[in-house]
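What follows is one structure encoded as structure tokens, with my remarks underneath.
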Amino acid sequence: MYSHKQVGSTIIIALAAGAVSIFFLVPPIGSAIALPILLVVGVVFGSLSISVEYNSLRWHFGPGIFRQEIALSEIDDVNRIRNKWYYGWGVRIVPHGILYNVSGLSAVQVVLRSGERICLGTDEPTKLEAAIRRGAHLASGSG
């Protein structure tokens, strides 16, 4: 139905700039510790993959870290939203739910029947919202 992998170019650039700075400004022992940490963070949070399949909405960072899945039957509503720039990247608790984000300000908020709200950062908010609506058989909202 829908599958998309968003590369977090902003976070990758920020981590690369940090790595260059550390390499030139930090003593070798500090660089030996900090650079592998930045590499791991870059691999883990460098992309966010989201898919809408026959029964579920799935997402994960990088190679499959923080893998999450929701049954489409549990979705009560879905809407496109705009995040504040200071919400950042990664997994965050924000005023409108738990945010999973690697780049940009656009997201899709999924409201579950339980009341829980999950926000998925995406560079394709219209396509993702439409795919979730189709899969969960929801009426079109105002977005």
Side-chain angles (χ1 to χ4, degrees), residues 1-138 141 143:
M1 291 176 73
Y2 175 88
S3 182
H4 179 64
K5 179 178 184 175
Q6 179 184 9
V7 175
S9 54
T10 307
I11 195 168
I12 291 170
I13 290 168
L15 289 171
V20 169
S21 297
I22 287 170
F23 183 77
F24 287 110
L25 300 175
V26 176
I29 189 73
S31 292
I33 295 169
L35 292 176
I37 291 170
L38 288 178
L39 178 64
V40 169
V41 170
V43 169
V44 171
F45 293 105
S47 66
L48 177 61
S49 298
I50 302 172
S51 64
V52 179
E53 299 173 7
Y54 298 105
N55 297 333
S56 63
L57 167 62
R58 299 177 183 183
W59 68 95
H60 64 84
F61 287 105
I65 307 298
F66 300 113
R67 189 173 293 273
Q68 298 287 323
E69 180 175 353
I70 296 172
L72 291 172
S73 62
E74 292 301 311
I75 297 174
D76 189 44
D77 198 11
V78 61
N79 298 291
R80 285 172 279 146
I81 60 171
R82 190 104 171 128
N83 291 311
K84 305 287 187 192
W85 65 268
Y86 51 84
Y87 289 174
W89 310 302
V91 181
R92 309 264 190 226
I93 296 175
V94 297
H96 47 266
I98 299 173
L99 172 64
Y100 297 81
N101 192 26
V102 294
S103 186
L105 302 176
S106 296
V108 171
Q109 180 188 56
V110 178
V111 181
L112 303 181
R113 296 192 192 287
S114 67
E116 182 181 359
R117 296 174 296 160
I118 297 162
C119 305
L120 300 172
T122 180
D123 56 349
E124 296 185 347
T126 303
K127 288 180 181 180
L128 178 56
E129 179 192 24
I132 295 170
R133 281 191 182 284
R134 277 192 311 272
H137 307 292
L138 299 173

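Quick caveat, the model's predicted, so the values are computed rather than measured.
The structure places CG of N101 at 6.0 Å from CG of N83, a figure rounded to the nearest 0.5 Å. For the atom pair I75 CD1 and I70 CD1, the distance stands at 6.0 Å (nearest 0.5 Å). In this structure, CD1 in I118 is found 10.0 Å from CD in Q109, a value given to the nearest 0.5 Å. Atom CG of L99 and atom NZ of K84 lie 13.5 Å apart (nearest 0.5 Å). In this structure, CD in E74 is found 7.0 Å from CG in L112, a value given to the nearest 0.5 Å. Distance check, rounded to the nearest 0.5 Å: CG of L128 to CH2 of W59 gives 10.5 Å.
Below 30°, between 30° and 60°, or above 60°: for F61 and F66 the angle between ring planes is above 60°, a perpendicular geometry.
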Run the side-chain donor-acceptor check on residues 30-47: report pairs under 3.5 Å with partners two or more places apart or on a different chain.
unit_1: S31; atom_1: OG; unit_2: I22; atom_2: O; d: 3.2
unit_1: S31; atom_1: OG; unit_2: V26; atom_2: O; d: 3.4

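In terms of modelled atom types and a separation under 3.5 Å, the side chain of R133 and the main chain of V78 share a donor-acceptor contact.
Nearest heavy atoms, A107 versus P125: O-CB, 4.4 Å. Taking every heavy atom of both residues into account, G135 and M1 meet most closely at CA-CE, 3.5 Å. Nearest heavy-atom pair, E53 versus L72, reported as atom, atom and distance to 0.1 Å: O-CD1, 3.3 Å. Contact detail for R82 and S106: the closest heavy-atom pair is NH1-OG, 3.3 Å.
When side chains are defined from C-beta on, I50 does not count as touching V108, because their heavy atoms never get closer than 4.5 Å. A 4.5 Å side-chain heavy-atom check between W89 and V102 finds every atom pair outside the cut-off.
Applying the side chain to side chain donor-acceptor pair (under 3.5 Å) test to residues at least two apart or on different chains, the pairs with a partner in residues 8-18 are T10-S103. Each salt bridge (charged side-chain N to carboxylate O under 4.0 Å, His left out) pair with one or both residues in residues 10-34, not counting sequence neighbours, would appear here, but there are none. Residue pairs meeting the salt bridge (charged side-chain N to carboxylate O under 4.0 Å, His left out) criterion with at least one partner in residues 1-11, sequence neighbours excluded, are absent. The stretch residues 117-127 participates, sequence neighbours left out, in no salt bridge (charged side-chain N to carboxylate O under 4.0 Å, His left out) pair at all. Applying the ring-ring contact (aromatic ring centres under 6.0 Å, His included) definition to pairs two or more places apart or across chains, none involves residues 2-30. Applying the salt bridge (charged side-chain N to carboxylate O under 4.0 Å, His left out) definition to pairs two or more places apart or across chains, none involves residues 20-41. Counting only residues at least two apart or in different chains, ring-ring contact (aromatic ring centres under 6.0 Å, His included) contacts with residues 103-128 are absent.
Remark: R67 pairs with no residue by the side chain to side chain donor-acceptor pair (under 3.5 Å) rule, at least two apart or across chains. Judged as a side chain to side chain donor-acceptor pair (under 3.5 Å), and not counting sequence neighbours, S3 has no contacts. E69 meets the salt bridge (charged side-chain N to carboxylate O under 4.0 Å, His left out) test with R58; sequence neighbours excluded. By the salt bridge (charged side-chain N to carboxylate O under 4.0 Å, His left out) test, D76 pairs with R113, sequence neighbours left out.
In this structure, L25 places its CG atom where more than 12 heavy-atom neighbours from other residues, nucleotides or ligands lie under 6.0 Å away.
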